[in-house]
Amino acid sequence: MVNDSRSFAALTTPAGRAAIATIVAVSENVASKLEPLFHSASGLSLSEIPINQIAFGIWCNDNNSTGEELVVCRFSSDTIEIHCHGGHAASSAILQDLSKCGFEILSADQYLEQQSIGNIRAEALAAASKATTELAAAHLLAQYHGALENALHELRKTINDTDSTESLLVVDSLLRSYALAKRLTTPTRIVIAGPPNVGKSSLINCIAGYERAIVFDQPGTTRDVINIATAIDGFPVDLSDTAGIRTSQDELESEGIDRARQQIQIADIVLFVFDIRAEFDEAWYREHQLLLHDEQQQILVFNKSDLVSGSQAQTNGILISAKTGSGIDQLFNAISKLINPDDLTVGCPLPFLPRHENVLQQIRRHLVADQKAEAIELIDTSTKR
Ligand SMILES: Nc1nc2c(ncn2[C@@H]2O[C@H](COP(=O)(O)OP(=O)(O)OP(=O)(O)O)[C@@H](O)[C@H]2O)c(=O)[nH]1
Ligand SMILES: [Mg+2]
């Protein structure tokens, strides 16, 4: 039950356009306060709609004769969720009406702070609302339901009951999972690079599913870096197509080639693409591999498989045809293995914020120094409600 003096509401879905926006309104006897604003299709008043049952209806205020069609759900006597059209206009009009009814309008983060859920679980809910793929949302919701919190409670017991070796294994495994969480919440930068005319732009178009980049049968077609945001196996990725790299006297093309080299240097994963029909340019490959540092990963891709027969198609890389789509699934699998090498499943504990990594590193240092009490205290403060 909320404090009688407090009525507040918040838009809990992220900014930007989506199919549906969700607003939560909290106040003592919230249904009776919102009665005049919602006319249900069934004719029931808001207070008569059973708890946890959704109701379709129309949101009406004095200035709005047509009304906004929406769905509401009462979660308790003091909490109602309103699901309206996802555009900015609908949600801001409803928030304005709630404000006129005396509701304090909070940001999603401020709203979560009001909830009496644990630190980590509130953080998980906030992070889930910003997730860009279903897989990321599923992993973060598992943390909201307690996966990481429970793992930390287990770790607390392990620290108490055993020597530090076992606890250190648990901490190291959690720290490894943090790398996965980062890849779920921050797009992996994948750069398509290679000599000219090998089909780099055709590949980005094939992955995007539409003609994002110009494809032309002349080397030197792509000049600027072309980006798309997409997802591979549920992991958000920023994919970049770059100019074919060769020696060129053309000033504009040379600028594009410089940018391609810069992109290789900032990528998480580089797809080095070659034409399967051409003799493999080992010198080119070696020269550009040298641009990579230890943490960057690469995949060797041979394109235009549709133009060669089986026996000619032996390669030490992944054979694809950007034209027919053949081999693209294998390429996605290879990318997935680099992004999610441990193949962690939904429900596993995932430290998902730099704060969590920081706490785990500190716990690790305490365990190495055999300071069990300090390690336990850190767990207690980071999981406290
Ligand atoms: N048959 C066949 N042709 C392809 C394939 N991929 C690309 N091509 C053709 O190869 C030519 C070059 O393709 P692009 O995608 O523009 O090559 P690129 O590597 O981006 O070229 P630059 O931007 O100049 O470096 C075009 O005529 C494409 O239609 C493929 O898988 N099979
Ligand atoms: Mg191109």
Side-chain angles (χ1 to χ4, degrees), residues 2 6-27 30 52 54 59 68 70-76 78-96 98-99 103-150 177-178 180-188 229-231 233-238 344 346-357 382-383 385:
V2 294
R6 288 217 66 198
S7 298
F8 51 89
L11 175 68
T12 55
T13 38
R17 266 187 240 152
I20 304 285
T22 300
I23 292 167
V24 62
V26 181
S27 177
V30 65
N52 282 334
I54 59 167
W59 187 265
E68 159 80 17
L70 43 72
V71 164
V72 297
C73 181
R74 288 174 67 203
F75 282 116
S76 63
D78 54 36
T79 305
I80 274 186
E81 240 179 46
I82 301 160
H83 300 266
C84 63
H85 185 271
H88 173 72
S91 57
S92 54
I94 291 170
L95 285 171
Q96 245 177 44
L98 290 170
S99 170
F103 285 75
E104 184 188 346
I105 307 303
L106 305 179
S107 68
D109 288 343
Q110 286 168 332
Y111 165 70
L112 286 171
E113 279 169 24
Q114 311 292 313
Q115 307 301 298
S116 54
I117 54 176
N119 240 350
I120 292 176
R121 295 185 53 212
E123 287 167 338
L125 208 50
S129 76
K130 296 178 188 98
T132 53
T133 70
E134 225 175 291
L135 183 70
H139 270 288
L140 291 164
L141 284 175
Q143 311 317 308
Y144 167 66
H145 290 298
L148 178 58
E149 209 172 72
N150 294 342
S177 311
Y178 174 64
L180 173 76
K182 271 203 295 195
R183 294 196 153 169
L184 281 168
T185 52
T186 317
T188 298
T230 183
D233 271 359
F235 288 86
V237 299
D238 278 340
L344 295 182
V346 171
C348 67
L350 220 55
F352 53 92
L353 291 179
R355 176 182 93 79
H356 306 153
E357 192 210 13
S382 65
T383 56
R385 282 161 194 271

Query - Shortest non-hydrogen separation from R121 to Q143 and the atoms involved - result: CG-O, 3.9 Å

Report summary line: d(S27 OG, D78 CG) to nearest 0.5 Å is 8.0 Å

Report task. Please say whether more than 12 non-hydrogen atoms of neighbouring residues, nucleotides or ligands are located less than 6.0 Å from NE2 in H83. Result -> yes

Query - Atom of L98, atom of A9 and distance for their closest heavy-atom approach - result: CD1-CB, 3.7 Å

Query raised in the report: Could R355 and E123 be called an ion pair, given the rule that one side-chain N must be under 4.0 Å from one carboxylate O?
Result: yes

**Report entry** Closest approach of L184 to P236 (non-hydrogen atoms, all atoms of both residues)
**Finding:** O-CG, 3.4 Å

Query raised in the report: Who passes ring-ring contact (aromatic ring centres under 6.0 Å, His included) against H356, sequence neighbours left out?
Result: F352

Requested in this report: Could you grab the distance from atom CZ of F235 to atom OG1 of T185, nearest 0.5 Å is fine?
Outcome: 10.5 Å

Report summary line: Between Q110 and S107 the two heavy atoms that sit nearest each other are OE1-N, 2.8 Å

Query raised in the report: Heavy atoms, side chains only, cut-off 4.5 Å: are T22 and V24 in contact?
Result: no

Requested in this report: Over all heavy atoms of both residues, which pair between P351 and A181 is shortest? Give the atoms and the distance, please.
Outcome: O-CB, 3.2 Å

Query raised in the report: If only atom types and distance count, is the side chain of T383 paired as donor or acceptor with the main-chain N or O of E149 below 3.5 Å?
Result: no

Query raised in the report: Would one find more than 12 heavy atoms of other residues, nucleotides or ligands at under 6.0 Å from atom CD1 of I20?
Result: yes

Query - Min side-chain heavy-atom separation S129-T12 under 4.5 Å - result: no

Query raised in the report: Just by modelled atom types, is the G234 backbone N or O under 3.5 Å from a matching donor or acceptor in the T133 side chain?
Result: yes

Query - Among L125, L353, L148, the one residue meeting side-chain contact (heavy atoms from CB on, under 4.5 Å) with I120 - result: L148

**Report entry** Results of side chain to side chain contact (heavy atoms under 4.5 Å, CB included) for L344 - residues two or more places apart only
**Finding:** S177, L180, N340, D342, C348, L350

Report summary line: In short, C84 meets I94 closest at the heavy-atom pair CB-CD1, 3.7 Å

Query - Between OG on residue S91 and CD1 on residue I23, distance to nearest 0.5 Å - result: 5.5 Å

**Report entry** Nearest-0.5 Å distance that lies between atom CG in L135 and atom CZ in R183
**Finding:** 14.0 Å

